[in-house]
Colleague: 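Pasting in a structure now, in C-alpha cells, and then I'll have a few things to ask.
All heavy atoms count here, side chains included; hydrogens, waters and symmetry mates do not. Count residues from 1 along the sequence. Ligands are counted one by one from 1 in listed order, and the atoms in each one are counted from 1 as well.
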Amino acid sequence: MCGIVGYIGSEEAEETLLTGLKRLEYRGYDSAGLAIVGDNDLHVEKQEGKVDDLRGALDGHPMKGTLGIGHTRWATHGAPTDENAHPHVSTDGSFALVHNGIIENHSTLKTQLQEKGYAFKSETDTEVLVRLIEEVKRETELSLPEAVRQALTQVVGAYGIAVVSREDPDLLLAARKGSPLILGVGDGEYFIGSDAAPLVEHTRQVVYLNDGEMVTMRRSGYEVTTIENEPLDKEVHELEWSLGEIEKGGYDHFMLKEIMEQPDAMADAMRGRVLPDENDIVLGGLHDVWDRLHEADRVVIAACGTSWHAALVGEYLIETFAQVPVEVEYASEFRYRDPILRDGDVVLVISQSGETADTLAAVREAQSRDVPCFGICNVVGSTIARETDAGVYLHAGPEIGVASTKAFTAQVTVLSMMALKLAKGRTLSEAELARNIQALADVPGQVRDVVEETNERLEEMAEVYRYASNFLYLGRGYNFPVALEGALKLKEISYIHAEGYPAAEMKHGPIALIDRFMPVVFIAMKDSTYDKVLSNIEEVAARDGSVIAITDEGNGELDELCEFVIEIPQTEEFLSPLLTVIPLQLLSYHIAVMRGCHVDQPRNLAKSVTVE
Ligand code: AGP
C-alpha cells in the first residue's frame with residue numbers, strides 16, 4: 001500500500017526522505033509528498049506522480065530542516081491528485097501527518113467535525129484524522145503526542161502514521177495499528193519506515209512496532225509505548241538485508257533481477273535445511289510445533305495472489321507426501337465465511353510481505369478459535385511472521401518488483417521441504433526420501449540453466465505475442481497452479497487479459513475462445529498427466545489455436561503441433577513447478593517491457609496490500 005518514511009537528526013532531512021521514498025516506491029506510487037520542519041516553520045511539498053516528479057519539483061529550492069516525514073500513496077479514498085497526496089496539514093499549518101491504512105469510520109468522524117466547523121480540502125480519510133487531532137487539541141489543550149493518542153482511540157480501521165510539528169522541532173511521532181512501521185535506531189538520529197528498505201543504508205538496528213504501539217523520537221532518544229501510554233521495553237533487532245540487495249544490481253528492472261536470482265533464492269531457502277548427507281530436512285522454525293503439524297488431521301492454507309498459487313502447489317505436495325487432507329482458501333474469503341475449524345486442524349498462511357491485510361486477518365481468525373497457525377513469510381519481523389505461532393522464513397532476500405517471482409519459487413521450495421519432511425518415515429522409504437531430497441537439492445542448478453538458456457528465446461517470443469489481447473494458460477496436476485501463476489504474471493505487468501485453467505477444463509467452455517488470435521500456453525512435462533495434456537494440445541491445434549508448450553528437454557513430439565516449444569530439464573514431477581514457472585515469468589516480463597509497461601510498478605497495483 002502506501003509508503004511512509006521519517007527522519008529526525010542533525011542532517012538535512014530532504015535527501016534522506018526522498019531517497020527513502022524511492023526505496024518504498026514499490027509499495028505505492030500514484031502521488032508523493034514531504035513535510036519538513038526547519039526555521040521553526042513547517043514546509044510541505046506534495047503532488048500527484050512519482051517520487052522522481054517530486055524531486056524535480058524541489059530542484060533548485062530544497063526544503064531546509066533536519067526533521068521530516070514523507071509518503072508515497074496508493075489511493076484508497078480519493079483519486080491520485082495533489083490535494084489528496086500526503087502529508088495532510090492541520091488547519092493552522094502547525095503539524096503534518098502521513099498515513100498508511102484505511103480509517104473505516106472516516107465518514108462519521110468527518111460529519112461530526114464538519115458540524116464543528118472544520119473544513120476539508122481533500123477526499124481522503126487521512127485528512128479526517130488530522131482534523132480529529134486538531135479538535136482533540138482544541139478541546140483538551142493536550143500536547144500533540146497526547147492528542148494523537150486520544151484521537152487514535154476514536155479511529156476504527158488500520159493505520160500507520162507519522163507526525164511532525166513546527167511547534168516541537170525535536171519530535172518525530174509514529175504509531176501503528178494494522179499497517180507496518182519500523183523504527184531505525186541511528187547515532188543521535190532516528191528513522192521510521194514502512195519497511196526496512198529506506199532504513200538499511202543508514203542503520204541496521206531496528207525496532208519493529210506492533211499494533212497499538214506508538215514511538216516518540218527526539219534527537220536525545222526514543223520511547224515506545226502503547227497507544228494508551230504504557231511504556232514498553234522493545235528489543236532492538238539487526239537487519240538482515242544489505243543495501244546491495246535492495247538495489248537493481250545492473251538489471252533494467254527489479255523483476256528481472258529477481259527472476260535471475262531464483263537459483264540463489266531457492267538455494268538460500270534450502271540452506272541448512274535440506275541435508276542430503278543426513279537424508280533429512282530440518283525446519284528450525286517449526287521444530288517446537290512439528291508434532292502438531294505432523295499429526296494434523298487437516299491443513300488449511302490461506303493466502304492471496306501468487307502466494308495462493310503457491311498454496312495450491314502445497315496442497316498437491318502435502319496430500320501426496322503426507323496423505324493429509326489440505327484445503328486452500330483465499331484469505332479474504334476465509335476471514336469472513338465463519339470457517340469450520342476443528343481440533344486437529346492446522347492453519348498455514350503464506351505471505352511474501354508478511355503484511356497482507358487479508359492474510360493477517362486469517363491468522364487472527366484461526367488463533368481466535370485456538371487453532372495453531374504457522375506462517376511461511378519472506379520479510380523477517382513482518383507482522384504475520386511475528387503473530388503466527390511458528391513459521392519458516394523464505395530467506396529469498398527483498399522482493400521489490402510488485403510481480404512476485406522469486407518469492408513464489410521460494411515458497412514452493414519451502415512447501416516441498418515440508419512435504420518431504422512430513423513423508424519421512426510415513427509414506428516414503430529412506431531410499432525414496434533420499435532420491436527426492438537429492439532431486440530438490442539439484443533444482444537450483446537446473447533453474448540456473450533454465451533462466452540462462454531460455455531467456456533469449458522468450459524475448460524473441462515476446463516480439464510475436466506482445467500485441468495479443470488474450471492468453472490462456474493450461475496445466476494439470478502440480479502444474480495447474482503454475483498455469484494460474486503464469487496468467488497472473490502476464491495480467492499484472494503487461495495488462496493483457498489472461499486466464500489459467502486445469503487443461504481438462506478447456507472443454508467445459510474456454511475452448512470456445514480458441515482461434516489463431518488466442519495464444520494458449522501449455523505446461524506439458526512428460527509426467528503422469530502428459531498424455532492427457534497432449535490430447536488437449538491436439539484439440540487446440542485442430543482449431544487453429546496458437547500453442548506455446550513448456551516441456552522436457554528432447555521431447556520432439558510437440559514441434560509439429562506448437563508455434564513455440566520451450567524445453568527445460570526434467571525433474572521429479574512434484575518439483576516441476578519450480579522449473580516450469582520460469583519461462584512463464586520471463587515471457588510476461590519481456591512482453592511487458594515491449595509494451596512499455598512499468599514492470600516493477602504496474603498500474604493500480606501495490607507490493608503489499610495492507611488494506612482490505
Ligand atoms: C503477485 O505477483 C502479486 N504481487 C500479488 O498477487 C501478491 O502475491 C499478493 O498480494 C500476496 O502478497 P503477499 O505474498 O505479500 O501476502
Colleague: Which residue supplies the protein heavy atom nearest to atom 10 (O) of ligand 1, what is that atom called, and how far is it?
Modeller: Val609 CG2, 4.1 Å
Colleague: Run Ser576 and Asn479 through side chain to side chain donor-acceptor pair (under 3.5 Å) and show every step you take.
Modeller: CA-CA 7 Å; Ser576 63; Asn479 283 298; 3.0 Å; yes
Colleague: Just which atoms of ligand 1 are under 4.0 Å from any heavy atom in Ala403?
Modeller: 2 (O)
Colleague: If the contact criterion is a heavy-atom separation under 4.0 Å, does Lys489 count as touching ligand 1?
Modeller: yes
Colleague: Tell me the protein heavy atom at minimum distance from atom 11 (C) of ligand 1, and give that distance in Å.
Modeller: Cys304 O, 3.4 Å
Colleague: Given Lys50 and His598, is the side-chain contact (heavy atoms from CB on, under 4.5 Å) satisfied, shown in steps?
Modeller: CA-CA 12 Å; Lys50 300 209 179 297; His598 201 308; 3.7 Å; yes
Colleague: With heavy-atom distances below 4.0 Å as the criterion, list the atoms of ligand 1 near Thr306.
Modeller: 1 (C), 2 (O), 6 (O), 8 (O)
Colleague: What is the nearest protein non-hydrogen atom to atom 13 (P) of ligand 1, stated with its residue, atom name and distance?
Modeller: Thr356 OG1, 3.3 Å
Colleague: Taking distance alone, with no angle check, do Gln352 and ligand 1 share an N/O pair under 3.5 Å?
Modeller: yes
Colleague: If you have a sec, work out which protein heavy atom is nearest atom 6 (O) of ligand 1 and how many Å separate them, to one decimal?
Modeller: Gly305 CA, 3.2 Å
Colleague: Of all the non-hydrogen atoms in the protein, which one sits nearest to atom 2 (O) of ligand 1, and at what distance?
Modeller: Glu492 OE2, 2.4 Å
Colleague: Hey, what's the ring geometry for Phe321 with Phe574, parallel, tilted or perpendicular (30° and 60° as the breaks)?
Modeller: perpendicular
Colleague: Any carboxylate oxygen within less than 4.0 angstrom of a Lys/Arg side-chain nitrogen, looking at Asp268 and Arg273?
Modeller: no
Colleague: Enumerate the atoms of ligand 1 whose separation from the nearest heavy atom of Val402 is less than 4.0 angstrom.
Modeller: 2 (O), 3 (C), 4 (N)
Colleague: For ligand 1, which atoms sit closer than 4.0 Å to a heavy atom of Ser307?
Modeller: 8 (O), 13 (P), 14 (O)
Colleague: With distance as the sole criterion, is a donor-acceptor pair present between the side chains of His237 and Tyr208 under 3.5 Å?
Modeller: no
Colleague: At under 4.0 Å between heavy atoms, which part of Lys607 makes contact with ligand 1: side chain, backbone, both or neither?
Modeller: neither
Colleague: Is NZ or CZ of Arg603 both nearer than 6.0 Å to the six-membered ring centre of Tyr495 and within 45° of the ring axis?
Modeller: yes
Colleague: Between Thr405 and Gln585, is any side-chain donor less than 3.5 angstrom from a side-chain acceptor?
Modeller: no
Colleague: Give the numbers and elements of all ligand 1 atoms closer than 4.0 Å to a heavy atom of Ser404.
Modeller: 1 (C), 2 (O)
Colleague: Polar-atom distance check: Gln411 versus ligand 1, any N or O pair below 3.5 Å?
Modeller: no
Colleague: Aromatic rings His202 and Phe191: how do their planes relate, parallel, tilted or perpendicular, breaks at 30° and 60°?
Modeller: parallel
Colleague: Do His395 and Asn378 pair up side chain to side chain, a donor and an acceptor below 3.5 Å, judged on atom types alone?
Modeller: no
